Enquirer: 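Supplied in structure tokens, the structure appears directly below.
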Amino acid sequence: EYSKKTMKNIKILIVDDEESVRDAYRSVFKQMNGRSLVEQELKSDADALFGVQSAGCDESVDRFQVVLHTAEEGEEGIKVVKESIKDGFPFSVAFIDMRMPGGMDGLETAHHILAIDSRIELVFVTAYSDYTLEEIGRFIGKSRFFILKKPFDVQEIMQMAETLALRWETERERELLEYEKEQFIRNMSHEVRQPIHIISNACNALLSHQPSSTQRDKFINYINQETQRLMRLLENLKDINQMDSSNDQQRFEKVNVDLLCRKVVELLSADAEKKGINLILQSEVETNCVLADTDKLMQVLVNLTVNAIKYTENGSIRLYLLEVDGSVEIAVEDTGCGITPEEQDKIFKRFYRCRSTSSLTRGYGLGLSISQEIVRRFGSEIKVSSSPGKGSRFSFKMQSIPCV
Ligand code: ADP
């Protein structure tokens, strides 16, 4: 999976007191730059300029864009590592000379660097055997490092940089997944706690004293409502789980979006009317069929329309079908509370709920992330435009096809 991705910048740090050695590194990485990882060993002509990706690269293959920093002494190396953390663009690999007369030696430099950035992959490059492997490991407090003998071999440096940069990237991806998993579990337990708390309180109230029949109905209603809520959460989780699994099969069939939107209006107009809101379908397309999974497309339209009703207090909601460049644009427009520009990107993230609405309405913040994922699988994307206090418009385009 990993090798299918395009690799962008990788940052490499060189700490060596000798100018000629730093130059040698520069020419090594100049050769690596702009080459695909696969091609790299096969091609020998180094026509790619340092810092510039070679023209006509195929974007689908992995590619190195090495950002090289050279430092002539330990202190300078430590300083750039510190800055890289501040900039949010840390180094993947550091090649450090062991003996640097006049200043810190390589070991001390590495020790300080690791204190700032423990993730960096370390390679000590040395002509001598000043320290044993155990001594180095003990001193820097890390067992994962490499030693290369000077004078170095160009291929060896390249392969080392490539392998370690890939390992560094894989580790970051693993950390990110781990972080997302933790967040997900934290959010889940938060979402489950509230309904369970309400159900448990209602049960206690029913059991502990003799409630009047009105009170009993009220508590049973609570239990019913919250159980439904938990069921909805389970449904959402099932959707997420299914979409995350690699064998989720996407069905494509001919769907008449005009008919589908009519169904949505039929299904939800009673809910809109309860709030005194008009739910209208405005179709301006002649060709109104698309290729999609009917149930999934229905789920998206229902999600967007339910949201529009939920976040609108007065005015109207329109389902639009418009023809745009051979595609049909499906839009749900409301005159509701709107979404601030800062939050417009975030609402598609799992569990995200806007600050202004989270205390007024109940929800899990999963509907939009599920809808976006479904629409992405149709090869499109839901876009939002909104103005706080005035309303929102959620839309996506799909290639239209003749219905007959
Ligand atoms: P939920 O509605 O369960 O909170 P969603 O993922 O459907 O979860 O939506 C995420 C958030 O986006 C909502 O909590 C709400 O703050 C905001 N939002 C979604 N649709 C609208 C809308 N039509 N108008 C205003 N805010 C909206």
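These figures come from a predicted structure and were not determined experimentally. Every number for a ligand or one of its atoms is a count from 1 in the order of the listing.
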Enquirer: State if Phe348 counts as touching ligand 1 under the rule of any non-hydrogen atom under 4.0 Å.
Expert: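 Distance cut 4.0 Å: Phe348 fails for ligand 1.
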Enquirer: Checking a contact table here: which protein heavy atom is nearest atom 17 (C) of ligand 1, and how many Å away?
Expert: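 Of every protein heavy atom, Cys354 SG, 3.8 Å lies nearest to atom 17 (C) of ligand 1.
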Enquirer: Please work out whether the ring planes of His111 and Phe139 are parallel, tilted or perpendicular, with thresholds of 30° and 60°.
Expert: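 It falls in the tilted class, 30° to 60°.
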Enquirer: To the nearest 0.1 Å, how far is atom 26 (N) of ligand 1 from its closest protein heavy atom, and which atom is that?
Expert: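 Heavy-atom neighbour on the protein nearest atom 26 (N) of ligand 1: Ile339 CG1, 3.4 Å.
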Enquirer: Starting from atom 23 (N) of ligand 1, what is the nearest protein heavy atom, named by residue and atom, and what distance separates them?
Expert: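 For this ligand atom, the closest protein heavy atom is Asp334 OD2, 2.8 Å.
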Enquirer: Using a strict 4.0 Å cut-off to heavy atoms of Tyr364, name the atoms of ligand 1 that fall inside it.
Expert: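 Heavy-atom distances to Tyr364 below 4.0 Å select 3 (O).
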Enquirer: Let me know which of Lys397, Lys383, Arg393 forms a salt bridge (Lys or Arg N to Asp or Glu O under 4.0 Å) with Glu329.
Expert: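 Exactly one candidate clears the test, Arg393.
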Enquirer: Below 4.0 angstrom, N of the basic side chain to O of the carboxylate: do Arg174 and Glu171 qualify?
Expert: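 Looking at Glu171 together with Arg174, the answer is yes, because their closest N to O distance falls below 4.0 Å.
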Enquirer: Just say parallel, tilted or perpendicular for the rings of Phe348 and Phe394, cut-offs at 30° and 60°.
Expert: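 Perpendicular, since the angle between the ring planes exceeds 60°.
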Enquirer: Polar contacts were defined as any N/O atom of the residue lying under 3.5 Å from an N/O atom of the ligand; does this apply to Arg353 and ligand 1?
Expert: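 Right, the criterion is met.
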Enquirer: Can you report which non-hydrogen protein atom sits closest to atom 9 (O) of ligand 1, along with the distance?
Expert: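 It is Leu368 CD1, 3.6 Å.
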Enquirer: Are any of the side-chain nitrogens in Glu235 or Lys238 under 4.0 Å away from the carboxylate oxygens of its partner?
Expert: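 Here Glu235 pairs with Lys238 in a salt bridge, since their nearest N and O are under 4.0 Å apart.
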Enquirer: Do you know the tightest heavy-atom contact between Ala292 and Leu297?
Expert: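 It is CB-CD2, 4.2 Å.
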Enquirer: Is the His69 ring parallel, tilted or perpendicular to the Phe91 ring (thresholds 30°, 60°)?
Expert: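 Ring orientation, 0 to 90° scale: perpendicular.
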Enquirer: Among all protein heavy atoms in this structure, tell me which lies nearest to atom 16 (O) of ligand 1, with the distance rounded to 0.1 Å.
Expert: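 Among all protein heavy atoms, the one nearest atom 16 (O) of ligand 1 is Thr357 OG1, 2.6 Å.
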Enquirer: When you measure from atom 7 (O) of ligand 1 to each heavy atom in Asn307, Thr340, Ile370, Thr305, which option holds the nearest one?
Expert: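 Considering heavy atoms of Asn307, Thr340, Ile370, Thr305, the nearest to atom 7 (O) of ligand 1 sits in Asn307.
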Enquirer: Classify the angle between the aromatic ring planes of Tyr25 and Phe29 as parallel (below 30°), tilted (30 to 60°) or perpendicular (above 60°).
Expert: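 Because their plane-to-plane angle is under 30°, the rings of Tyr25 and Phe29 count as parallel.
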Enquirer: Looking only at distances, please establish whether an N/O atom of ligand 1 is found under 3.5 Å from an N/O atom of Gly338.
Expert: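 No, Gly338 has no N/O under 3.5 Å of an N/O on ligand 1.
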Enquirer: Among all protein heavy atoms, pick the one closest to atom 10 (C) of ligand 1 and tell me residue, atom and distance.
Expert: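 Protein heavy atom at minimum distance: Tyr352 O, 3.3 Å.
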Enquirer: Using a 4.0 Å heavy-atom threshold (strictly under), name the region of Ser371 that reaches ligand 1: side chain, backbone, both or neither.
Expert: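 Answer for Ser371: neither.
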Enquirer: Taking 4.0 angstrom as the limit, do Arg172 and Glu175 come out as a salt bridge?
Expert: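 Yes.
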Enquirer: Could you tell me whether the side chain of Ser283 and the main chain of Asp258 form a donor-acceptor pair under 3.5 Å?
Expert: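 Checking the backbone N and O of Asp258 against the side chain of Ser283, no donor-acceptor pair under 3.5 Å is found.
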Enquirer: Note the single closest protein heavy atom to atom 21 (C) of ligand 1, along with its residue, its atom name and the distance in Å.
Expert: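 Nearest protein contact, heavy atoms only, for atom 21 (C) of ligand 1 is Tyr311 CD1, 3.4 Å.
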Enquirer: Look at atom 8 (O) of ligand 1 and say which protein heavy atom is nearest, naming residue and atom and giving the distance to 0.1 Å.
Expert: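 For this ligand atom, the closest protein heavy atom is Gly365 CA, 3.0 Å.
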Enquirer: Is Lys310 in contact with ligand 1, taking contact as a heavy-atom separation below 4.0 Å?
Expert: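 So Lys310 counts as touching ligand 1.
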